[in-house]
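Data block below; observations after.
All values derive from a computational prediction rather than experimental measurement. Chain naming here is simple, since letters A, B, ... match the order of the sequence lines and numbering starts at 1 in each.
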Number of protein chains: 2
Amino acid sequence: MTAKQTEKQFLKSYNIHDFDVPLTSVDMAIFTLKDEQLQVLLVKRAQHPALGQWALPGGFIDFKKDKVLADAARRKLAEKTGVDTPYLEQVATFGGADRDPRGWSVTITYFALIVCDEVELSGDESSDDVKWVPIKDITNKLELAFDHKQVLAACIERLKNKVQYTSLPVNLLPEEFTLTELQQTFEIILDKKIEKKSFRRRIDDADILEETGNMKTGSNRPAKLYRAKPKGENFYFTRNIEGPR
Amino acid sequence: MTAKQTEKQFLKSYNIHDFDVPLTSVDMAIFTLKDEQLQVLLVKRAQHPALGQWALPGGFIDFKKDKVLADAARRKLAEKTGVDTPYLEQVATFGGADRDPRGWSVTITYFALIVCDEVELSGDESSDDVKWVPIKDITNKLELAFDHKQVLAACIERLKNKVQYTSLPVNLLPEEFTLTELQQTFEIILDKKIEKKSFRRRIDDADILEETGNMKTGSNRPAKLYRAKPKGENFYFTRNIEGPR
DNA sequence: ATAATAGTGTCTATCAGACAGTATTAC
DNA sequence: GTAATACTGTCTGATAGACACTATTAT
């Protein structure tokens, strides 16, 4: 009876493979803003299973390199994009007997928000190809490996929901940006127009930005450039953006 | 090179144990309302590791019984409480090298809301004892196994957050209840008073309850009894409960 | 009648949307 | 000047909190 052993004795005779252990991996939905669209990074699988199919980047935990789960996500992100300080959020974990032909599998899913001009796409041994795909193109046209369409849908839903009451889109813009650019980012993700004055009031009340002192010039009145305040974590509003009435 | 194999050949030679696979389990925070307090179910561990310590109920996936992750959570819940149709929500997944002495481990965490008079607590082989603990008693008094204090904190935070803008507390009440009882449930979880009229307006606008036709009598004016509407999923409000100004 | 709790009427405060107005640049 | 975009003033509308009021029961 195990209860008679010390914990040390127990651990000595313990073998993880005596139990049902699922194949556990981490998958990422890496979002960026490109060509005025919200896009997600897909990789073409270079290995079985689902060889040749497009999939969310992901892979197994590296027991040596990863101390906690988020490390694995950050590592995958850096491998594919070179970006190492993204906004990163765990979304959900999917697990089941039928989602991977290798057997019972679990995937912990994260999404990341990055600035795409800071990215240099790089494939690696596990992918023939890497590309940005506008999320609007993912509906029925494109097949994704495993249950990744469902996984991605969960990430998009989470992102859209949070954009209604947080300042998350700041993470999709470069260091300096105008209020109009920020508003456009919100509009692209929410896929609806926001009233300018409401938007500016909201951002102003949140007190999350500071002027850089620089201006963005164009063929018209220049716009003030802002940056996120240094310790500016993501702000949570108590009311949602509602959109046109 | 794997790319030259068919998927079938690949799967034939595939062995899950050739990779780093963490010890993956499911843990539950089972909440109920008891003695006018929000309480959580803890079990005393009857096995190594952390033998004798209090912990959230949980365990490994059963590849035969569980088709998807939520099945494992539901199964754990039924084993401990006999309840089989709870409100169940996945909260977060914790994983790391140091959270379990057996090695790199991952736990997918769910919370459940149940009605405690429908429960018959039952230990099983893996637990000496099972008990309800008010969440207010969990601060520093009580040690929990592994990182379960942190895990539980995440569940409590999620619950509190969602109670601000959903109708979740309905799931903690029996079939029939009064509006005052429902309000008290919200107040207990949020740990603050809610203005009666605001609360009733909110519930009324949501249109999620129906009168049962019965009344609850006491030493004063009887109160109408309500039940959740049949297809009443949990309602999402667009504004949070704000509490006293 | 009184105590006690159920339930309502209605005021104010807050913040989102609407929309017209002013400001500042390039040309 | 005109065109274009940045930015603001201020009205309306929706919904939360405050709080006093009425309603209905047991005793």
Side-chain angles (χ1 to χ4, degrees), chain A residues 36 161 163-167 169 173 176-187 190-227 235-245, chain B residues 36 161 163-167 169 173 176-187 190-227 235-245:
Chain A
E36 316 212 323
N161 277 335
V163 168
Q164 292 184 82
Y165 59 91
T166 68
S167 57
L173 290 172
E176 286 190 317
F177 51 86
T178 68
L179 290 179
T180 301
E181 287 164 352
L182 183 59
Q183 179 173 344
Q184 283 164 351
T185 306
F186 275 81
E187 289 175 340
L190 293 175
D191 196 25
K192 63 184 176 190
K193 284 286 173 193
I194 302 171
E195 215 289 317
K196 184 165 47 172
K197 188 60 194 291
S198 307
F199 180 76
R200 283 163 183 250
R201 218 175 11 210
R202 204 172 155 89
I203 297 298
D204 195 50
D205 292 349
D207 193 34
I208 51 177
L209 303 183
E210 61 187 14
E211 299 180 13
T212 64
N214 303 325
M215 303 290 278
K216 179 179 185 180
T217 56
S219 61
N220 43 39
R221 174 171 173 175
K224 281 183 180 168
L225 282 162
Y226 294 83
R227 73 166 73 84
F235 189 84
Y236 284 69
F237 298 91
T238 58
R239 279 175 72 172
N240 289 352
I241 290 176
E242 293 171 17
R245 283 183 171 144
Chain B
E36 314 210 325
N161 277 334
V163 169
Q164 291 184 83
Y165 59 90
T166 68
S167 57
L173 290 172
E176 285 190 319
F177 52 86
T178 68
L179 289 179
T180 300
E181 286 164 352
L182 183 59
Q183 179 173 344
Q184 284 164 350
T185 306
F186 274 81
E187 288 175 342
L190 293 175
D191 196 25
K192 64 183 176 191
K193 284 286 173 194
I194 302 170
E195 214 289 320
K196 181 166 53 168
K197 189 61 195 293
S198 306
F199 180 78
R200 283 162 184 250
R201 221 176 6 210
R202 204 173 155 86
I203 298 298
D204 195 50
D205 292 350
D207 193 34
I208 52 177
L209 304 182
E210 60 187 15
E211 298 180 13
T212 65
N214 303 325
M215 303 291 278
K216 180 178 185 180
T217 56
S219 62
N220 43 38
R221 175 172 172 176
K224 280 183 181 169
L225 283 162
Y226 293 83
R227 73 166 74 85
F235 188 84
Y236 284 68
F237 298 91
T238 59
R239 279 176 72 170
N240 288 352
I241 289 176
E242 293 170 18
R245 285 185 169 143

Between B:Arg227 and B:Glu210, is the closest basic N to carboxylate O distance under 4.0 Å?
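Judged by the 4.0 Å cut-off on N to carboxylate O distance, B:Glu210 and B:Arg227 do form a salt bridge.
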Output yes when B:Glu176 and B:Lys216 qualify as a salt bridge under the 4.0 Å nitrogen-oxygen rule, no when they do not.
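The answer is no: the pair does not qualify as a salt bridge.
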Base of C:dG7 paired with side chain of B:Lys197 (donor-acceptor, under 3.5 Å)
no
All N/O donor-acceptor pairs, side-chain side in residues 237-245 of chain A, below 3.5 Å, sequence neighbours left out:
from	atom 1	to	atom 2	distance (Å)
A:Glu242	OE1	A:Arg245	NH2	3.4

What is the nucleic acid contact for [X], judged by heavy atoms within less than 4.0 Å: base, sugar-phosphate only, or nothing?
X        : answer
B:Thr178 : nothing
B:Arg201 : base
A:Glu242 : sugar-phosphate

What do you reckon, are the aromatic ring centroids of A:Phe177 and A:Tyr226 less than 6.0 Å apart?
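Here the rings of A:Tyr226 and A:Phe177 have centres that are no less than 6.0 Å from each other.
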Given atom [atom1] of [X] and atom [atom2] of [N], what is their separation to the nearest angstrom?
X        : N      : atom1 : atom2 : result
B:Gln183 : D:dA16 : CD    : P     : 14 Å
A:Asn240 : C:dA16 : CG    : P     : 10 Å
B:Phe237 : C:dA16 : CZ    : P     : 19 Å

Regarding the side chain of B:Arg202, the nearest nucleotide among D:dA16, C:dG7, C:dG17 is D:dA16
Could you please name the option among C:dT8, C:dA16, D:dA18 that lies closest to any side-chain atom of A:Ser198?
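The closest nucleotide is C:dA16.
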Can you tell me if NZ on A:Lys192 sees more than 12 non-hydrogen neighbours from other groups inside 6.0 Å?
yes
Close residues, residues 211-224 of chain A, relative to DNA chain C [heavy-atom separation under 4.0 Å]
A:Gly218, A:Ser219, A:Asn220, A:Arg221, A:Pro222
Closest approach of B:Leu182 to B:Pro169 (non-hydrogen atoms, all atoms of both residues):
CD1-C, 4.3 Å
